[in-house]
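Counting starts at 1 for both ligands and their atoms, in listed order. None of the values given here were measured: they were computed from a predicted structure. For the numbers below, each heavy atom of this structure counts, side chains included, while hydrogens, waters and symmetry mates do not.
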Amino acid sequence: AKEMGRNNFQIYNPNMEKGTEERLSLESHLRNALGKDELLLYFQPQMALADNRVVGVEALIRWRHAERGMISPGQFIPLAEENGLILPIGAWAIDKACEVNMNWRRAGLPPITVAVNLSGRQFMHQNVVKVIEEALQRTGLPPEFLEVEITESLLMRNVDEAIAILKQLREKGITIAIDDFGTGYSSLAYLTKFPVDILKIDGSFIFKILEDEGSLTIVSAIIAMAQKLGLKVIAEGVEDPAQLHVLRELGCDVVQGYLLCRPAPPDDLHSLLQPNYFA
Ligand code: C2E
Ligand code: CA
Ligand code: CA
Ligand code: CA
């Protein structure tokens, strides 16, 4: 949303009377967006600090609206979540992410993981395991190269059901990351109950890590705890070499952010995905 400038408009504000019409119009457009190929997946590289190799990418959805230009997911995912369109949109995103990853492999690039964001309705839907299985089967991507990112607050909404779904995914060999980690407050006691592999530290802590002692303390504690629990840590929102330096000192495993690369269409990432691009 930050990059959108004058195209930035508010759609998700139920308190605003004049927003309703806008919202309905956006909703009907969204219904057609998939069929019109207006939805795209961008990808943002993730680099391991141990050897500066790109080990994965996160898939981030974009909507290229015919009249309004690029609309960020923060503006339409909540809407799609509410009206159920997240189910077809989310299934498309999972399938597309696997397909793009397979295409990179076929092009001879080093194998990497692809991470897909799952929203609440999508994750709690009984179908999610099947949707993921079908995508893997159709594209031929081995399950160990697919990660799912689920927010901390979503997991806390329905702990037992979340655990049951995570177990099924993990049995298939899929990697599980807790997204926006640190923002959900309640998770520490539950952390060991969830079958997870990765903690993804929210960008809000990384942005302030150089100026704010509290953020530094939190990031440092999350990394130390993850190491004790045998979990991998990814820091998102790394924009500055000094932030990267601190994360390296703290023993963070993987970084992601504008410093390395902004989210980009798959064809733009070929050179960056070559071996030794950052190494
Ligand atoms: P998220 O999963 O927390 O993703 C991180 C966001 O930070 C992304 O915004 C990314 O483009 C942005 N970002 C990455 N590096 C930097 C950086 O160095 N500095 C700053 N300031 N920002 C950075 P984006 O792409 O607008 O996505 C927003 C949110 O929309 C995501 O937050 C995720 O929750 C959701 N989303 C995106 N794609 C999908 C999708 O396919 N399905 C679902 N359900 N949600 C999605
Ligand atoms: Ca994410
Ligand atoms: Ca985040
Ligand atoms: Ca998020």
Side-chain angles (χ1 to χ4, degrees), residues 1-4 7-8 11-12 30 33-34 39-47 56-64 70-100 113-125 128 131-132 135 146-155 175-184 196 198-210 215 219 222 233-244 247 254-266:
K2 285 155 209 137
E3 312 106 293
M4 298 215 16
N7 273 335
N8 199 346
I11 55 147
Y12 195 67
L30 185 56
L34 254 182
L39 295 182
L40 310 169
L41 279 192
Y42 276 26
F43 295 85
Q44 188 177 38
Q46 304 173 324
M47 184 186 81
V57 290
E58 178 180 4
L60 294 156
I61 202 165
R62 297 288 179 268
W63 181 7
R64 193 167 47 199
M70 281 296 189
I71 303 180
S72 80
Q75 291 174 286
F76 67 90
I77 293 290
L79 182 67
E81 175 82 8
E82 199 172 275
N83 64 22
L85 282 173
I86 192 65
L87 295 174
I89 291 173
W92 169 83
I94 292 165
D95 186 77
K96 190 73 185 169
C98 294
E99 179 184 296
V100 167
T113 58
V114 65
V116 180
N117 292 281
L118 299 185
S119 69
R121 190 148 168 186
Q122 204 183 350
F123 178 64
M124 290 302 182
H125 196 266
V128 70
V131 166
I132 290 172
L146 178 64
E147 279 170 24
V148 293
E149 297 190 0
I150 297 141
T151 63
E152 186 185 1
S153 49
L154 201 166
L155 292 177
T175 304
I176 294 159
I178 304 189
D179 207 0
D180 296 347
F181 191 77
T183 62
V196 299
I198 297 171
L199 300 184
K200 210 165 169 190
I201 305 177
D202 192 55
S204 59
F205 299 106
I206 310 303
F207 299 149
K208 293 184 291 183
I209 199 173
L210 299 172
S215 295
V219 171
I222 292 173
V233 180
I234 302 181
E236 69 173 16
V238 179
E239 295 183 350
D240 187 304
Q243 294 168 338
L244 183 82
L247 290 163
V254 172
V255 293
Q256 179 183 347
Y258 295 168
L259 176 64
L260 303 176
C261 188
R262 288 188 175 246

**OP:** Give the contacting part of Asp202 toward ligand 1: side chain, backbone, both or neither, where contact means a heavy-atom distance below 4.0 Å.
**Re:** neither
Original post:
Taking only heavy atoms of Gly257, which atoms of ligand 1 are found under 4.0 Å from at least one of them?
Top reply: 15 (N), 18 (O)
Subject >> Proximity flag Gly203 to ligand 1, non-hydrogen atoms under 4.0 Å >> reply: no
Original post:
Could you state the interatomic distance from CG (Asp179) to CG (Leu118), rounded to the nearest 0.5 Å?
Top reply: 10.0 Å
Original post:
Can Phe207 be said to touch ligand 1, with heavy atoms closer than 4.0 Å?
Top reply: yes
**OP:** Just to the nearest 10 degrees, tell me the angle at the Ca ion (ligand 2) spanned by Asn117 OD1 and Glu58 OE2.
**Re:** 90°
Original post:
Rounded to the nearest 0.5 Å, what separation is found between the OG atom of Ser119 and the CD atom of Glu149?
Top reply: 13.0 Å
Original post:
With the Ca ion (ligand 3) as the point of reference, which N/O/S atom of Glu236 is the closest?
Top reply: OE2
Subject >> Winner among Glu239, Gln44, Arg262, Gln256 once heavy atoms are compared against atom 20 (C) of ligand 1 >> reply: Glu239
Subject >> Check: Ile206 main-chain N/O paired with Gln243 side-chain donor or acceptor under 3.5 Å >> reply: yes
Original post:
How wide is the angle at the Ca ion (ligand 3) between OD1 of Asp180 and OD1 of Asp202, to the nearest 10°?
Top reply: 80°
**OP:** Name whichever N, O or S atom of Glu149 ends up nearest to the Ca ion (ligand 2).
**Re:** OE1
Subject >> Distance (rounded to the nearest 0.5 Å) between Leu40 CG and Arg62 CZ >> reply: 9.0 Å
Original post:
What atoms of ligand 1 come within less than 4.0 Å of a heavy atom belonging to Arg62?
Top reply: 11 (O), 24 (P), 25 (O)
Original post:
Can you find a heavy atom in the side chain of Leu247 that is under 4.5 Å from one in the side chain of Ile209?
Top reply: yes
Original post:
Which of the numbered atoms in ligand 1 are below 4.0 angstrom from a heavy atom of Pro73?
Top reply: 24 (P), 25 (O), 26 (O), 27 (O), 28 (C), 30 (O), 36 (N), 37 (C)
Original post:
Does Glu81 come within less than 4.0 angstrom of ligand 1, counting non-hydrogen atoms of the residue?
Top reply: no
Original post:
Would you say the side chain of Leu60 lies within less than 4.5 Å of the side chain of Pro263, judging by non-hydrogen atoms?
Top reply: yes
**OP:** Would you mind listing which atoms of ligand 1 come within a distance below 4.0 Å of any non-hydrogen atom of Pro263?
**Re:** 11 (O)
Original post:
Is Ile61 in polar range of ligand 1, meaning some N or O pair under 3.5 Å apart?
Top reply: yes
**OP:** For Arg121 and Glu82, indicate whether the former's side chain and the latter's backbone hold a donor-acceptor pair under 3.5 Å.
**Re:** yes
Subject >> Atom name of the N, O or S atom in Asp179 that lies nearest to the Ca ion (ligand 2) >> reply: OD2
**OP:** Please answer whether the main-chain N or O of Gly182 pairs with a side-chain N or O of Glu152 as donor and acceptor at a distance below 3.5 Å.
**Re:** yes
Original post:
Can you find a non-hydrogen atom of Gly90 under 4.0 Å from ligand 1?
Top reply: no
**OP:** Could you see which bit of Asp179 sits under 4.0 Å from ligand 1, with heavy atoms only: side chain, backbone, both or neither?
**Re:** side chain
Subject >> Interatomic spacing from OH in Tyr42 to CZ in Arg262 - rounded to 0.5 Å >> reply: 12.0 Å
Original post:
Would you say the side chain of Asp180 lies within less than 4.5 Å of the side chain of Glu236, judging by non-hydrogen atoms?
Top reply: yes
Subject >> Gap between atom CD of Glu147 and atom NZ of Lys200 - 0.5 Å precision >> reply: 8.0 Å
**OP:** Return yes or no for this condition: an N or O of Asn117 is under 3.5 Å from an N or O of ligand 1.
**Re:** yes
**OP:** Pull out every atom of ligand 1 sitting under 4.0 Å from any heavy atom of Asp180, numbered as shown with elements.
**Re:** 3 (O)
Subject >> Nearest-0.5 Å distance that lies between atom CG in Leu146 and atom CD1 in Ile176 >> reply: 10.0 Å
Original post:
Going by the order shown, which atoms of ligand 1 are within less than 4.0 Å of some heavy atom of Glu58?
Top reply: 2 (O), 4 (O)
Original post:
Considering only heavy atoms from C-beta outward, does the side chain of Ile89 approach that of Ile61 to under 4.5 Å?
Top reply: yes
**OP:** Below 4.0 angstrom from a heavy atom of Gln122, which ligand 1 atoms are there? Numbered from 1 as shown, please.
**Re:** 44 (N)
